[in-house]
Amino acid sequence: MEIDWRSIEEKWKEKWLREKVFEVDPQRGKPKVFITFPFPYVNGRLHVGHGFSAVRLDVYARFKRMQGYNVLFPFAWHWTGEPIVGAAERIMKGDEKLIRSLKTIDKIPEEEIKRFTDPVYMASYYMNENRKTVIDIGLSVDWRREFHTSSYHSAFSRFVTWQFNRLKKMGYIVRGTHPVVWCPHCQSPTGDHDRLEGEGVSPEVYVLVKFRCGDTYLPAATFRPETIFGATNLWINPEAMYVEAVVNGEKWIISELAALKLKEQLKKVEVLRKFEGRELLGLYCRAPITDRELPILPANFVDPDNGTGIVFSVPAHAPYDWLALRDLMIDPQPLKKYGLDPKVIEGLKPISIIKVEGFGDYPALELVNKLNIKNQLDAKADEATKIIYKKEYHMGVMKENCLNYSNLKVSEAKEKVFEDMKSVGLADQMYELPEKVVCRCTTRCIVKILTDQWFLKYSDPKWKSKTRKLVSKIKIHPEEARNYFFEVIDWLRDWACARRTGLGTPLPWDPSWIVETLSDSTIYMAFYIIAKYVNKGQLRPENLTEEFFDYVFLGEGTLEHASNVSDLKPELLEEIRREFLYWYPVDLRGSGKDLVPNHLTFFLFHHTAIFPEELWPQGITVNGIVMVEGEKMSKSKGNFVTLNDAIASYGADAVRCTLMIAAEGMDDPNWRFDACRDMRDKLNQVFKLINDIMALPGSSAKGSLERWLVSRLQRRIRAITEALESMKNRTALEIALFELWNDIRWYLRRTQKPCKEVLLEVAKTWVRLLAPFAPFMCEELWSMLGGEGFVCKAPWPLPDVSKIDYTAEASELLIEQVMEDLREVMRATGKTPSTAHIYVASKWKWEVYLKALEASSPKEVIKVAHQVARDLQVKDSRVIQRIAKEASSVGGEQREIKLKAGIVDEYEVLTSAKEFLERELKFEVKVWKEEAAYDPKDRRFNAIPYRPALYLE
RNA sequence: GCGGGGGUGGCCGAGUCAGGUCAAAGGCGCAGGGCUUAGGACCCUGUGGCGUAGGCCUGCGUGGGUUCAAAUCCCACCCCCCGCACCA
């Protein structure tokens, strides 16, 4: 049987749209669930990562819808930000790498790519394409509420404007300064994805230690000011260009580039003259605190592009310094070259100032020897530096020769030395990039301190504590994520919320800024309610005044006033207000864990700022990040899997199920193409199996086996429902697909005459249980099974406790156990018998067994077993021990079944399963009562409940 | 470094909060058998080791400990992944 999945998908997605199944409005008295997915950014196609997070929510939405809730699952698009504009520019410039990836990964036709030079075109193109994909993957979206962000959607822009005005009034938006990675050519901050080199690099603070040389200072840049006690000399690069400059009124000597950098870092810099570093050689300068006089020496490891181009030398603890010194000792040629007397280094001895476990007095020397580092240009020097830095920072203690810093921990001394030097004007700071960062435009980036930047004041203690309150009561799946949110709240500083470039909404009070992309997307779920009216044409952007939003969202101001100012009928305003109050608060928002430290936490912050507590979000779910064949997915790696391609290859249901079974909780799901193919084949089988059931001849009688199947089904329903409630979709699908299927398999294997009536009942339930995961297939099957309406609206199965049949379940446990034991014996003996004799236990053994089962602990079990045996005046203590052992090894579900089933008529059960056992095992089976006749090897007395005695001959 | 999450059998992955149901669910892979013209389809069996009677031994990152009993509880250690900001 060939199944045409494509046409099944086409058919149902079209029907869902035509019959508006997912379009929902408030319904009085009907409980609602409002589920939202963070709108995707429209600079590319949706990938399986989007699919994973979104399908998880869709499964929940479909589940809740079937449970009878009024479920709203809307969708929108994020246009705000810089990457689209950046991409458009790069296409304009003919960036081949980008164009190639658009062609091969996103499959964009050539003529369309040309139009991508217009960022707005590009955004709307991807929006339209991705909307199709969202429909294809089967998300149950109410499209009447769709919108996108940025000033190209003026209704949305008005909403952002309202929000920002409110936040500002509340004092949550403030001005400040901030260091950023900056491209001097583009004159703008260089974000991570705008870089050719230096991904993930962010500004770090160097301490500038000012060495005095006459009326001039030489500020050496360092992360380790505390090592000033071990300083023996200064290093400069003789070939590099330096300047003499007036910096904030003092005369400094620094590298040429450092002068430029300091200028960008709010220092007043006036360059007096430029000269080569060699000029400084032979001079002496005076160290702060120690007041030692130190020579200035040449070293070519000194990078004029890093820091100030001046380094102070601590050979005892800094590998580079030791190497540079050693290089000069081995070969004094450079000294001579610059006219220095080689004797100048004779007096320079490493000064040990830190004691640290695992090293002697001179860690730098030791490590240089150990790693066999050749000279100051050896790459291993970097590694050595890191090792010592780490070790000394965390475990080091300042030695006695460090004045009043002696015996301090290195980490403490570092702070204190800096503070003390600073207080006497002998230290300063500068920001620097720990690694080279290159802008897309190929310019090397520096650190700039931006002034007059706008910030969202997430550092505000009251705001933080409000948000903590929200986190402490919101539902979070999985629970482990809660701590993560608390940590993020503590850690969060002020957030620069405005940018100069990119798409977005202008800052209302200063339109030269644009509201930054994460900042315009924190409470937009409320806008889904407005969007419906905007899309219908009932609201025009001009109507969306501050008063409108105040009234609709917050109930502030009077209806009359809002109506007048907004030029809207009061009835409409009231309707919208009612609709908002119906859907709000958000019941569930979910995404990958990568959004926890930013978007999801911002979402919580802003809700607490703007909305009253009863409208705060009710639930959050966080999931892992999709890997592809075990690796992180990225366009540059070429392992990028778009949803489009996946659906085209395997079908939407297979993609959904593959993703859902791949992981739950915060674990990262791994996308494997083989797994998806397997899943598609499995869905084929399910489809065929249900077809086979429908093709069965009329019903045969119902017996214990049918009761068993129906009983198992009730347990499955219960387990699946529980799993879905807590977003454990993997567990839910695993049970719904595999465990339930295995039950049906067992049933079909056990019976020669399957009962159609029961199987159809099971199938109809099964299809509903699978519907949230494989909605297309399930619609098709549901209609084939004669189900009423859409399966996505069909009632979710409820477990029927009255259908749980303990006796039937216990009987099957017995049969499985007997089969297992028979096989075990065959395995041990290595023989296949012609006849197996099975002896079932006497009634008194059952009495002992059941009493023992009721006991709480193993100790108790043994006591009880013996007690009962005494009462029954039985003496066979070996058998009683075995009964006790058997009873104590039963737990969980089996225990419940066995207790509730009571005494099982094993003779009857096994006799009626005789044919089945013979069919399966291929030898004759004879069932006897323990009291019975044929027993040449005296085995029958070994029988205990659920473990009949066996004799194979 | 700080913070978050983890280490389970050939692989993926349950189980850990509430210790005994655990040689450890389920899936994949592999091996054998069946079915079949064929099968990357389907069904059955096996898949830590040992075993001529349903059992025994070893096992859940490492090392200790608590307990009648530990994958699960406690302590110490080792290792892996992710995040650390102006960015979607």
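Lettering follows sequence order; numbering is per chain, from 1. The figures here come from the full heavy-atom set of this structure, side chains too, leaving out hydrogens, waters and symmetry mates.
Within 4.0 Å (heavy atoms only), A:K885 reaches sugar-phosphate atoms of the nucleic acid but no base atom. If you check every strand for non-hydrogen atoms under 4.0 Å, A:P478 touches nothing. Contact annotation for A:A949: base contact, defined as any heavy-atom pair under 4.0 Å involving a base atom. Among the heavy atoms of the strands, none lies under 4.0 Å from A:T149. Counting any heavy atom pair closer than 4.0 Å across all strands shown, A:L737 reaches no nucleic acid atom. Using a 4.0 Å heavy-atom cutoff across all strands shown, A:D490 reaches no nucleic acid atom at all. Contact annotation for A:R823: backbone-only contact, meaning every heavy-atom pair under 4.0 Å involves sugar-phosphate atoms and none involves a base. If you check every strand for non-hydrogen atoms under 4.0 Å, A:G830 touches nothing. A:T80 comes within 4.0 angstrom of sugar-phosphate atoms only, judged by non-hydrogen atoms across all strands, and of no base.
No donor-acceptor contact under 3.5 Å links the side chain of A:E664 to the base of B:G13. The base of B:A85 is paired with the side chain of A:R493 by a donor and an acceptor separated by under 3.5 Å.
In this view, A:K635 and A:D106 satisfy the salt bridge (charged side-chain N to carboxylate O under 4.0 Å, His left out) rule, not counting sequence neighbours. Residues meeting the ring-ring contact (aromatic ring centres under 6.0 Å, His included) test with A:H148, sequence neighbours left out: A:W79, A:H153. Scanning for ring-ring contact (aromatic ring centres under 6.0 Å, His included) contacts around A:W671 gives A:F673, with sequence neighbours left out.
The gap from the C1' atom of B:G64 to that of B:C82 amounts to 31 Å, rounded to the nearest Å. For the C1' atoms, the distance from B:G1 to B:A18 is 36 Å, rounded to whole Å.
Residues A:N684 and A:W5 have side chains that bring a donor and an acceptor to within less than 3.5 angstrom of each other.
Along RNA chain B, the nucleotide nearest A:L492 and the nucleotide nearest A:E820 are compared for position; the residue whose nucleotide lies closer to the 5' end is A:E820. Of the residues near RNA chain B, A:Q453 and A:E480, the one whose nearest nucleotide (by heavy atom distance) lies more toward the 5' end is A:E480.
Within the structure, a side-chain polar atom (N or O) of A:R827 is placed less than 4.0 Å from OP1 or OP2 of B:G46. For B:G55, the OP1/OP2 oxygens have a side-chain nitrogen or oxygen of A:R947 closer than 4.0 Å.
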Could you run through nucleotides 25-38 of chain B and give me one letter per nucleotide, 5' to 3': B if any protein heavy atom sits under 4.0 Å from the base, S if only the sugar-phosphate is that close, - if neither?
-> BBSS----------
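The list of side chain to side chain donor-acceptor pair (under 3.5 Å) pairs with a residue in residues 938-953 of chain A, not counting sequence neighbours, reads A:D821-A:R947, A:H837-A:E953, A:R878-A:N942, A:E886-A:R947, A:Y934-A:E953, A:D935-A:R940, A:Y951-A:E953.
Distance, A:M666 CE to B:G3 P: 16 Å, rounded to whole Å. Summarising the geometry, the separation between CZ on A:R895 and P on B:G19 is reported as 15 Å, rounded to the nearest angstrom.
Ring geometry, A:H78 versus A:F39: the interplanar angle falls under 30°, so the pair is classed parallel (tilted spans 30 to 60°).
Because its NZ or CZ atom is both nearer than 6.0 Å to the ring centre of A:W513 and within 45° of the ring axis, A:R500 counts as a cation-pi partner of that residue.
Atom OG of residue A:S834 and atom NZ of residue A:K922 lie 15.5 Å apart, to the nearest 0.5 angstrom.
Within the 4.5 Å cutoff, the side chain of A:W766 has heavy atoms near those of the A:I690 side chain.
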Distances under 3.5 Å only, N/O to N/O: pair up the protein atoms with those of nucleotides 81-83 of chain B.
from	atom 1	to	atom 2	distance (Å)
B:G83	OP1	A:K632	NZ	3.3

